[in-house]
Amino acid sequence: MIRRIWPLLCLLLLLCGCGWGTEDQDVPLLILRYADNQPEDYPTTRAAEYFAQLVEARTQGKIRVRLYCNGELGDENQVFEQVQFGGIDLARFSLGTMSDSSPLFEVLALPFLYDDAEHMWRVLDGPIGEKFLMGTRQADIIGLSWFDAGARSFYTREPIHCLEDLRGLTIRVQESTLMSRMVELLGARPVEIPYNDVYSAMQTAKIDGAENNWPSYAATGHYQAARYYLLDRHSRLPEMQVMSTVALDKIAAIDEDYVTIVRQCAKECALYERELWKEQEAASEEQIREYGCVVTELASQELEAFRRAVEPMYEEYSPEQQALIQQIRDS
């Protein structure tokens, strides 16, 4: 009886062993958590998903990236702290959040710093941008790549065509000393109110307008309450994709080559995000114009008046920051 059963037992053990081996190969050695406060279909989150696919493919499944969007892991400031401590492995941050870790980042948010988008990418994809990525080390994070967040312009309840039309208006700004200072120099009165309250504040005439990029203007429905868009492009605010130093050590412990792979995946997904941003920006602008909003493009002479008005901001910086500003302008 035992001789008859034994071959069946051996076959069963062999089949089970093969099954276990296959299952083990599907288990990643490391799962990284990636946080973003935007919805699933936003350019930054779609780029993060692409990053996750690249990493998994190029590490043969040994490293996987799990994306948490819609602010599921907290707001930017909360996530930033978690990345510093290694509780969250990867994230995407605005310049405002990065400025809290290093005053030098505030320079990149100065109004009318760049001539156009091409100028900004020459700076950020060159030695200056790399210096900023490397400079994040002092905050215990690793800068990986630059994402696009478009150019910001003013929009108001009543028509505006020039700098003079802004004078005396109440304009909502982010919680930022720099943005408040800019609005003051342009002759308007800055008001810092929560982003979610802007629509009702414009409807009730608590404020005269706000400022943001095309996609945000469209997605929030602000165009319904403020139909006049002054295309001055006063700020171009890139965003940074980062990784915790703890995650870097974990990756290196598996294979040093994987660190290079992850960095390259971050660069590639950033280029993808920029293309996604262009598409969404164009679609949002088309939506706004079809709705019947009045879009005013500033003449070169009037644009120069805006630039001159905010020039005192540049004079308030340290010699080190002013040297950096000059490098950016000369790039």
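The side-chain hydrogen bond (donor to acceptor under 3.5 Å, both in side chains) test applied to Gln327 returns no partner, not counting sequence neighbours. Under the side-chain contact (heavy atoms from CB on, under 4.5 Å) criterion, Leu271 pairs with Arg274, sequence neighbours left out. Applying the ring-ring contact (aromatic ring centres under 6.0 Å, His included) criterion to His119, with sequence neighbours excluded, gives Tyr114.
Val246 and Met243 fall into different hydrophobic clusters, defined by Ile, Leu, Val, Met, Phe, Trp and Tyr side-chain heavy atoms under 4.5 Å apart, directly or through other members. Grouping the Ile, Leu, Val, Met, Phe, Trp and Tyr side chains by contacts below 4.5 angstrom, directly or via other members, places Leu133 apart from Ile261. Under a hydrophobic clustering in which Ile, Leu, Val, Met, Phe, Trp and Tyr are joined whenever their side-chain heavy atoms come within less than 4.5 Å, directly or via other members, Phe93 and Leu67 fall into different clusters. Follow the hydrophobic side-chain contacts under 4.5 Å out from Leu90 and you reach Val55 in the same cluster. Cluster annotation: Trp146 is connected to Val123 through the hydrophobic network of ILVMFWY side chains, with a link wherever side-chain heavy atoms come within less than 4.5 Å.
Salt bridge status for Glu130 with Lys267: present, with a side-chain N to carboxylate O gap under 4.0 Å. Ion pair Glu285/Arg289 flagged as a salt bridge, since at least one NZ, NE, NH1 or NH2 atom sits closer than 4.0 Å to an Asp/Glu carboxylate oxygen. Here Glu275 pairs with Lys278 in a salt bridge; the nearest charged N to carboxylate O distance falls below 4.0 Å. Comment: Glu192 does not engage Arg172 in a salt bridge, judged by the lack of any side-chain N to carboxylate O separation of less than 4.0 angstrom.
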Checklist entry - Please walk me through it: do Glu316 and Arg181 pass salt bridge (Lys or Arg N to Asp or Glu O under 4.0 Å)? => result CA-CA 11 Å; Glu316 296 166 0; Arg181 175 71 171 137; 2.6 Å; yes
Next on the checklist: With side-chain contact (heavy atoms from CB on, under 4.5 Å) as the criterion, how do Glu106 and Gln321 come out once you've worked through the C-alpha distance, each side chain's angles and the decisive distance to 0.1 Å?
Outcome noted: CA-CA 9 Å; Glu106 191 175 281; Gln321 291 168 316; 5.6 Å; no
Checklist entry - Passes side-chain contact (heavy atoms from CB on, under 4.5 Å), Arg227 versus Arg157? Steps please. => result CA-CA 6 Å; Arg227 297 180 57 249; Arg157 297 171 61 251; over 6 Å; no
Next on the checklist: Let's go through Arg167 and Glu164 carefully: what are the C-alpha distance in whole Å and the side-chain angles of both, what is the deciding distance for salt bridge (Lys or Arg N to Asp or Glu O under 4.0 Å) to 0.1 Å, and is it a yes or a no?
Outcome noted: CA-CA 6 Å; Arg167 298 194 184 282; Glu164 188 61 34; 3.1 Å; yes
Next on the checklist: Walk me through whether Tyr314 and Leu113 qualify under side-chain contact (heavy atoms from CB on, under 4.5 Å).
Outcome noted: CA-CA 10 Å; Tyr314 287 79; Leu113 177 65; 3.8 Å; yes
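Heavy atoms only, all atoms of each residue included: Gln322 and Glu315 are closest at NE2-O, 3.5 Å. Contact record, Ser235 with Ala109: OG-O, 4.1 Å, taken as the closest heavy-atom pair. For Pro43 against Leu276, the heavy-atom pair with the smallest separation is O-CD1, 3.7 Å. Scanning all heavy atoms of the two residues, the minimum distance from Ile171 to Ala210 falls at CG2-CA, 3.9 Å. Taking both residues in full, the closest heavy atoms of Pro238 and Leu95 are given as O-CG, 3.3 Å, listed atom of the first, atom of the second, then distance. Of all heavy-atom pairs spanning Gly209 and Met202, the tightest one is CA-SD, 4.0 Å.
Not less than 6.0 angstrom separates the ring centroid of Tyr228 from the ring centroid of Tyr155. Close placement of the Phe132 and Phe105 rings is indicated, their centers lying within 6.0 Å of each other. Checked against a 6.0 Å centroid threshold, the rings of Phe147 and Trp277 do not count as neighbours.
For Thr156 (side chain) and Glu158 (main-chain N/O), a donor-acceptor pair under 3.5 Å exists by modelled atom type. With hydrogens and angles ignored, the 3.5 Å screen pairs a side-chain donor or acceptor of Asp208 with a backbone N or O of Thr170. Here the side chain of Ser180 pairs no donor or acceptor atom with the backbone of Thr177 at under 3.5 angstrom. A donor-acceptor pair under 3.5 Å links the side-chain atoms of Asp89 to the main chain of Arg33, judged by distance alone. Looking at Ser216, its side chain never comes within 3.5 Å of a backbone N or O of Asn213 through a donor-acceptor pair. With hydrogens and angles ignored, the 3.5 Å screen pairs no side-chain donor or acceptor of Asn70 with any backbone N or O of Glu72. The main-chain N or O of Glu239 is never found under 3.5 Å from a side-chain atom of Arg92 such that the two would form a donor-acceptor pair. Judged by distance alone, with hydrogens and angles left aside, the side-chain atoms of Asp165 form a donor-acceptor pair with the main-chain N or O of His161 at under 3.5 Å. Remark: the backbone N or O of Phe154 is paired with a side-chain donor or acceptor of Asp232 at under 3.5 angstrom. A donor-acceptor pair under 3.5 Å is absent between the side-chain atoms of Gln203 and the main chain of Ala225, judged by distance alone.
None of Leu54, Leu248, Ile251, Val65 except one satisfies the side-chain contact (heavy atoms from CB on, under 4.5 Å) rule with Val262; the exception is Ile251.
One distance of note links CD of Gln280 with CD of Gln287; it measures 10.0 Å at 0.5 Å rounding. Rounding to the nearest 0.5 angstrom, the gap separating the OH atom in Tyr229 from the CH2 atom in Trp214 is 5.5 Å. For the atom pair CD of Glu76 and CE of Met98, the computed distance is 10.0 Å after rounding to the nearest 0.5 Å. Atom-to-atom distance recorded for Thr97:OG1 and Asp75:CG is 8.5 Å, nearest 0.5 angstrom. Residue Ile31 holds its CD1 atom at 14.5 Å from NZ of Lys62, rounded to the nearest 0.5 Å. One distance of note links NZ of Lys250 with OG1 of Thr245; it measures 10.5 Å at 0.5 Å rounding.
Counted by atom type alone, Glu273 and Thr44 present zero donor-acceptor pairs between their side chains at under 3.5 Å. In this structure, a donor-acceptor pair under 3.5 Å is absent between the side chains of Thr45 and Gln38. Looking only at atom types and distance, the side chain of Gln326 has a donor-acceptor partner in the side chain of Asp330 under 3.5 Å away. Under the 3.5 Å distance criterion, with hydrogens and angles disregarded, a donor-acceptor pair is assigned to the side chains of Gln224 and Tyr199. No side-chain donor-acceptor contact under 3.5 Å links Tyr50 and Glu268.
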Which pairs would a plain distance check flag for residues 291-299, meaning a side-chain donor or acceptor within less than 3.5 Å of a matching protein atom at least two apart in sequence or in another chain?
residue: Glu297; atom: OE2; partner: Arg233; partner atom: NH1; Å: 2.8

Enumerate, atom names and distances included, each donor-acceptor pair closer than 3.5 Å involving a side-chain atom of residues 300-311, sequence neighbours excluded.
residue: Glu302; atom: OE2; partner: Leu163; partner atom: N; Å: 2.8
residue: Arg307; atom: NH1; partner: Phe112; partner atom: O; Å: 3.2

Tell me which donor-acceptor pairs under 3.5 Å the side chains of residues 138-145 have, and how far apart each pair is, sequence neighbours excluded?
residue: Gln138; atom: NE2; partner: Ser102; partner atom: OG; Å: 3.4
residue: Ser145; atom: OG; partner: Gln241; partner atom: OE1; Å: 2.7
residue: Ser145; atom: OG; partner: Ala266; partner atom: O; Å: 3.1

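Considering only heavy atoms from C-beta on, Val183 stays 4.5 Å or farther from Arg189 through its side chain.
Within 6.0 Å of CZ on Arg329 lie more than 12 heavy atoms contributed by other residues, nucleotides or ligands.
Taking the six-membered ring where the residue is Trp, Tyr223 and Tyr217 present perpendicular rings, their angle passing 60° and hence far from 30°.
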